**Q** 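Would you mind keeping the following structure in view while I ask a few things?
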Amino acid sequence: MSRIFDVQKGGATIGLDNLMTGENMLRSVRAEAMIEVNGIELPVGGLIGQPIHNYLLPEWLEAMQADPKALKLQCFYWSETEARMSWKKRPEWMPKDLPWPEPGKKLTFEYQEYAALVQSLMSGTVSDLSRKELL
């Protein structure tokens, strides 16, 4: 697999290709993730302006823009993979002795809010009425 990111327009996956078959697996360039803060859903990265979302033509990418209401990619960096947890190997469960942590690289993205996002949040939350009562 090959995954291609646009890091200039706020962070978006613009290519996801199966290198064995040559097939493009990406159909729509939307948010990388959605998070919820105080009941408000926030997109993370992604692009808007794709005319049809069941396939993607490369020539559309130039006209697509970052979502002003989304968190924007601030920076990214590579590092070595690290063990995410302590793991005791169970050879009887494994077809062969595999290394831990798994070999490879780790890619980390850091996202940040911008003025347009803050303004959008401020205009949409005029009271605490939409909050759930906990006690």
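Keep in mind that what you see is a predicted model, and the values were worked out from it rather than measured.
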**Q** Quick check on Glu62: does its CD atom have over 12 non-hydrogen neighbours (other residues, nucleotides or ligands) under 6.0 Å away?
**A** no

**Q** Are the side chain of Lys9 and the backbone of Leu61 linked by a donor-acceptor contact shorter than 3.5 Å?
**A** yes

**Q** Consider only side-chain heavy atoms of I, L, V, M, F, W and Y, link residues closer than 4.5 Å, and tell whether Met64 and Leu57 are in one cluster.
**A** yes

**Q** Please round to the nearest 0.5 Å and tell me the distance separating atom CD of Glu23 and atom CG of Asn18.
**A** 6.5 Å

**Q** Taking the side chain as every heavy atom from C-beta outward, state whether Leu47 and Asp67 have any atom pair closer than 4.5 Å.
**A** no

**Q** Supply the atom-to-atom distance Phe109 CZ to Cys75 SG, rounded to the nearest 0.5 angstrom.
**A** 10.0 Å

**Q** Can you tell me how far apart OH (Tyr77) and CD (Glu110) are? Round to the nearest 0.5 Å.
**A** 4.5 Å

**Q** Kindly give the heavy-atom pair with the smallest separation between Leu26 and Gly15, and that separation in Å.
**A** CD2-N, 3.5 Å

**Q** Work out which heavy atom in Ile52 is nearest to a heavy atom in Asn54; give both atom names and the distance.
**A** CG2-OD1, 2.7 Å

**Q** If you take all heavy atoms of Ala31 and Pro43, which pair is closest and at what distance?
**A** CB-CB, 3.7 Å

**Q** Is Thr13 close to Arg3 at the side-chain level, that is, under 4.5 Å between some pair of heavy atoms?
**A** yes

**Q** Between Ile4 and Val7, is there shared hydrophobic-cluster membership here, with clusters defined by ILVMFWY side-chain heavy atoms closer than 4.5 Å?
**A** no

**Q** Answer yes if Ile48 and Val44 sit in the same cluster of Ile, Leu, Val, Met, Phe, Trp and Tyr residues linked by side chain heavy atoms under 4.5 Å apart, and no otherwise.
**A** no

**Q** Please name the pair of heavy atoms, one in Leu16 and one in Asn24, separated by the smallest distance, quoted to 0.1 Å.
**A** O-OD1, 3.4 Å

**Q** Check for me, please, whether Met85 and Met94 land in the same ILVMFWY cluster - side-chain distances under 4.5 Å, paths through other members count.
**A** yes

**Q** Are Phe76 and Phe5 near enough that their ring centres are under 6.0 Å apart?
**A** no

**Q** Is it the case that atom CD in Gln8 sees more than 12 heavy atoms from other parts of the structure closer than 6.0 Å?
**A** no

**Q** Please name the pair of heavy atoms, one in Ala83 and one in Trp100, separated by the smallest distance, quoted to 0.1 Å.
**A** CB-NE1, 3.5 Å

**Q** I need the Glu41 CD to Glu36 CD distance, nearest 0.5 Å.
**A** 5.5 Å

**Q** May I ask you to say whether Lys72 pairs ionically with Glu32, meaning some side-chain N is under 4.0 Å from a carboxylate O?
**A** no

**Q** Could you measure the distance from the CG atom of Asp6 to the CD1 atom of Ile14? Nearest 0.5 Å is fine.
**A** 5.0 Å

**Q** Under a 4.5 Å side-chain heavy-atom rule over Ile, Leu, Val, Met, Phe, Trp and Tyr, are Met1 and Trp78 clustered together?
**A** no

**Q** Please report the closest heavy-atom contact between Val29 and Gln50, naming both atoms and the distance.
**A** N-OE1, 2.9 Å

**Q** Which pairs, with at least one residue in residues 80-93 and sequence neighbours excluded, count as a salt bridge (charged side-chain N to carboxylate O under 4.0 Å, His left out)?
**A** Glu80-Lys105, Lys89-Asp97

